[in-house]
> 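Just dropping this structure here.
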There are 2 protein chains.
Amino acid sequence: MLRPTTKDLAKAAGVSRATVDRVLNGREGVKQKTVDKVNAAIKELGFVRNIQAANLAKSKRYRFVFALPRSGDEFLRELVRHIEEAEEAFATDQIWCDVQRIDENDPHSIASFLASLSPDDASGVAIMAPESPQVRDAIFRLQERGVAAVPFISDQTTMETDSVGIDNRAAGATAALLLGRFCGAANGSVMVIAESMQSRDSLERRLGFDKELGQRFPALTALPSLETYGDEERTESIITNMLRANHNIVGIYIMSSEARVPLKILSGLQETDRLVRVAHERTPFTEKALNNGQLDCVITQNAGHLVRSAVRKLKAISDGSSTHRQQEQIRVEILLPTNL
Amino acid sequence: MLRPTTKDLAKAAGVSRATVDRVLNGREGVKQKTVDKVNAAIKELGFVRNIQAANLAKSKRYRFVFALPRSGDEFLRELVRHIEEAEEAFATDQIWCDVQRIDENDPHSIASFLASLSPDDASGVAIMAPESPQVRDAIFRLQERGVAAVPFISDQTTMETDSVGIDNRAAGATAALLLGRFCGAANGSVMVIAESMQSRDSLERRLGFDKELGQRFPALTALPSLETYGDEERTESIITNMLRANHNIVGIYIMSSEARVPLKILSGLQETDRLVRVAHERTPFTEKALNNGQLDCVITQNAGHLVRSAVRKLKAISDGSSTHRQQEQIRVEILLPTNL
DNA sequence: AAATTTCTGATGCACGTGCCTCAAAATCTG
DNA sequence: CAGATTTTGAGGCACGTGCATCAGAAATTT
């Protein structure tokens, strides 16, 4: 019933607690033979280090930094809110969380920010920034210095196992499937609106979307992606132009994580009522849009889960333990007016 | 940067650590005035009890029992799997989990099982059983004895705030919305299959389903619920009879949490290919069915989340702390072949 | 065999809290 | 005011682990 302690381990291995301690914490000056004996005992007894007690002894505290883009609209605000909530929820685990804004389009400044972090400032960092060689290198050097790091929401190919976020191809495919089915038997074309096609996330969503739409709904054609660059005027003009040029549009897929502006523009236009509209990310705005029928469906990743998963992953890396895969997989969620 | 300790509290309140301790742990023999002083200091310093250290001192271990129905098919198996996984994941928190099978239709035996639990055996129980006066009373007495208890998946009206599970009306409504939209412009009727309409869960799903279908899809009519009682032969006969009697069926809603048997029977029948099929709960079987097109959509509650949420809730009750609402709300998830 | 080096054991303090005892101080009672 | 009672303080041990020191044992080299 009780978990074995280091004392039990020592007895079982026929060594002293001091030696067990040396082995557990990888200190040198222990014969291989003795190390093996201790490891055998660990296995035999099923010893699990009591991290609470260990942290207490070390008076260890975790400080995790969320490096988030400086720009952004509602989705980002939601993230910050959830980070603050997580800070409270994890308070009993001696975990502090901070948000640090970074210039997502300036790899150099991101890299130098990461370079400035020492293990004393932060036990871990969750980084939301597009992939770039500088950032990738900075992350590696961080890890070498003993600071945990996980890519957050935006992919970094280099470290896929530890990244926190959804499978964007699956998200795109899901959007296609729902949009297609909601269109019924209609045939026509689908407008796709993105913020920018530079990021890997957008590319993957588009890839998944096209593949699924092509396979399952031959009657529907996806139009080329419109890129808003986060500029409201530009958004308005490209959308109206696209609608003018294509009279057979039956659906709209808003791929970017900030849906407010494009959707506002669409709602202002005539004759777009019958269009099936799918967007990404739960925000106060998309919730309202679902409820009043401006959106038919929202594909989202649970912002709270994202944050908590990042925290748990960072803590696990810090502790040198492993998290449970299953728990940390972020699901592609589908939001309808009925399941908000 | 450091969290204040009981020592700091004592100094701030101008009392000794012993008195702080008496106040924190609600021991008597402290003047109200002193209690107030300490509480004021707690607030002022933002003191948060270090539960890890406290548990260490008490050498507290949690044992949580999941009381699950003896009968059941794949969904229940999934639950058990997740409970075992949670046991590992929570090992570092000194938490043990056990599964105890109960006779879900015998309130008396459930009540006597609950009555047999003492705080020494279990720090908390998650109970999956239909509502009944005996069970409700037994739960109350458990709580009085200092054993935490949460209703698990199946509702107990009496203690709604602490229950772990989805909003079944929302689940039913979501099923209706998807089924309706997937049917396109067709009109006809919808077959509804349940295990039994005795349980509150089924009633609520049906309620949500009917309301949504009625409001949004006047062209579709929901037929009366077919009850399988978990009996395969019976299931087969009622389904074939229903199909024979209604030639305008366009969709099927399998409301029970075990979809395997009904769906197997449907697949064996001719002419049911074009029907839109919606079922509940993710299991190896429903996953396969989604992939090969036997099911169009699955409404589910994440079994892993359910289990972990129950554990966290039980622990929080045990600790006398509060969990964060947001995190513990179980979402109505929608599964399509693209987002498995 | 002696000297040196490498390895191991014994011991003790620390972390923050719970819980216990004993004595001292404050308050109340008659 | 004395005596009884309630309230408070001081101190110490425990939980399981990390970390440090020092002495002694074992292995290796000279």
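Protein chains get the first letters and strands the later ones, always in sequence-line order, with residue 1 at the start of each. Both backbone and side-chain heavy atoms feed into the values below; hydrogens, waters and symmetry mates do not.
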> Show your working on side-chain contact (heavy atoms from CB on, under 4.5 Å) between H82(A) and L306(A) and close with a plain yes or no.
CA-CA 9 Å; H82(A) 282 289; L306(A) 282 170; over 6 Å; no
> Think T19(A) has a side-chain N or O under 4.0 angstrom from the OP1 or OP2 of dT8(C)?
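So the side-chain polar atoms of T19(A) never come under 4.0 Å of the phosphate oxygens OP1 or OP2 of dT8(C).
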> Would you classify R49(A) as touching base, sugar-phosphate or nothing, given that sugar-phosphate means primed atoms plus P, OP1 and OP2, and contacts are heavy atoms under 4.0 Å?
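Touches sugar-phosphate only.
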> Using 4.0 Å as the upper bound for N to carboxylate O, is an ion pair formed by R17(A) and D21(A)?
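Not counted as a salt bridge, because no side-chain N and carboxylate O are separated by less than 4.0 Å.
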> When you check the gap from the basic side-chain N to the acidic O, do E84(A) and R81(A) get nearer than 4.0 Å?
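Salt bridge absent between E84(A) and R81(A).
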> Send over the distance from K7(A) NZ to dA10(C) P, rounded to a whole Å.
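After rounding, the reported distance stands at 13 Å.
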> Just jot down the salt bridge (Lys or Arg N to Asp or Glu O under 4.0 Å) partners of E87(B), sequence neighbours excluded, or say none.
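Testing E87(B) for salt bridge (Lys or Arg N to Asp or Glu O under 4.0 Å), a comparison that skips the adjacent residues, returns none.
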> Any idea which of dG18(C), dG16(C), dG9(C) is nearest the A54(B) side chain?
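Looking only at side-chain atoms, A54(B) lies closest to dG18(C).
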> Without decimals, in angstroms, what is the distance between I51(B) CD1 and dC15(C) C1'?
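Atom-to-atom, I51(B) to dC15(C), this comes out as 17 Å.
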> From CD of Q94(A) over to P of dG16(C), roughly how many Å is that when rounded to an integer?
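Between P of dG16(C) and CD of Q94(A): 9 Å.
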> Just the rounded figure in Å: distance from P of dT17(D) to CD of Q52(B).
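Going from Q52(B) (CD) to dT17(D) (P), I get 14 Å.
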> When you get a sec, tell me which of dT17(D), dG9(D), dC19(C) is the closest nucleotide to the side chain of K58(B)?
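For K58(B), the side-chain atoms sit closest to dC19(C).
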> Has K60(A) got more than 12 heavy atoms of other residues, nucleotides or ligands less than 6.0 Å from its NZ?
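Check passes, neighbour count above 12.
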> So, is T6(B) close to the dT17(C) phosphate, meaning a side-chain N or O under 4.0 Å from OP1 or OP2?
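Yes, because at least one side-chain N or O of T6(B) sits under 4.0 Å from OP1 or OP2 of dT17(C).
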> Just by distance, with hydrogens left out, do Q52(A) and D93(B) show a side-chain donor and acceptor under 3.5 Å apart?
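Judged by distance alone, the side chains do pair up.
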> With a 3.5 Å cut-off and no angle check, do the side chains of N302(A) and R308(A) form a donor-acceptor pair?
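N302(A) vs R308(A): no donor-acceptor pair found between side chains.
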> For a quick check of understanding: with a heavy-atom distance under 4.0 Å over all strands, which category does N25(B) fall into, base, sugar-phosphate or nothing?
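It contacts sugar-phosphate atoms only.
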> Kindly give the atom pairs (protein nitrogen or oxygen, nucleotide nitrogen or oxygen) under 3.5 Å for nucleotides 25-28 of chain C.
none

> Could you tell me how far apart L56(B) (CG) and dC19(C) (P) are, to the nearest whole angstrom?
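Rounded to whole Å, this separation is 13 Å.
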> Is the distance from OP1 or OP2 of dG9(D) to the nearest side-chain N or O of S16(B) less than 4.0 Å?
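For S16(B), the contact criterion (side-chain N or O under 4.0 Å from OP1 or OP2 of dG9(D)) is met.
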> Whole angstroms only, please: what is the CD-P distance between E28(B) and dT6(D)?
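Those two atoms, CD and P, are 10 Å apart.
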> Starting at the 5' end of DNA chain C, which residue's closest nucleotide do you reach first, R17(A) or T34(A)?
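First, find each residue's nearest nucleotide; the 5'-ward one identifies T34(A).
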> Enumerate all atom pairs, one protein N or O and one N or O from nucleotides 20-22 of chain C, separated by less than 3.5 Å.
none

> dT17(D) C1' sits how many Å from D8(A) CG, rounded?
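Checked: the CG to C1' distance equals 13 Å.
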> Start at the 5' end of DNA chain D and walk down; is the nucleotide closest to N55(B) or to G14(B) reached first?
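Nearer the 5' end of the strand: G14(B).
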> Hey, are E144(B) and R141(B) close enough for a salt bridge, meaning a charged N less than 4.0 Å from a carboxylate O?
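R141(B) and E144(B): not salt-bridged.
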> Let me know, please, whether V30(B) or A57(A) comes out on the 5' side of the other along DNA chain D by nearest nucleotide.
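So the residue in question is V30(B).
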> Please tell me if S59(A) has a side-chain N or O lying less than 4.0 Å from either OP1 or OP2 of dC15(C).
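Result: no.
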> Could you check whether R331(A) pairs with E333(B) (Lys NZ or Arg NE/NH1/NH2 to Asp/Glu carboxylate O, under 4.0 Å)?
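Salt bridge: yes.
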> May I ask you to check whether H305(A) and H305(B) place their ring centres under 6.0 Å from each other?
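Yes, close enough.
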> Rounded to whole angstrom units, what separation is found between the CG atom of N50(A) and the P atom of dC15(C)?
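About 18 Å, once rounded to whole Å.
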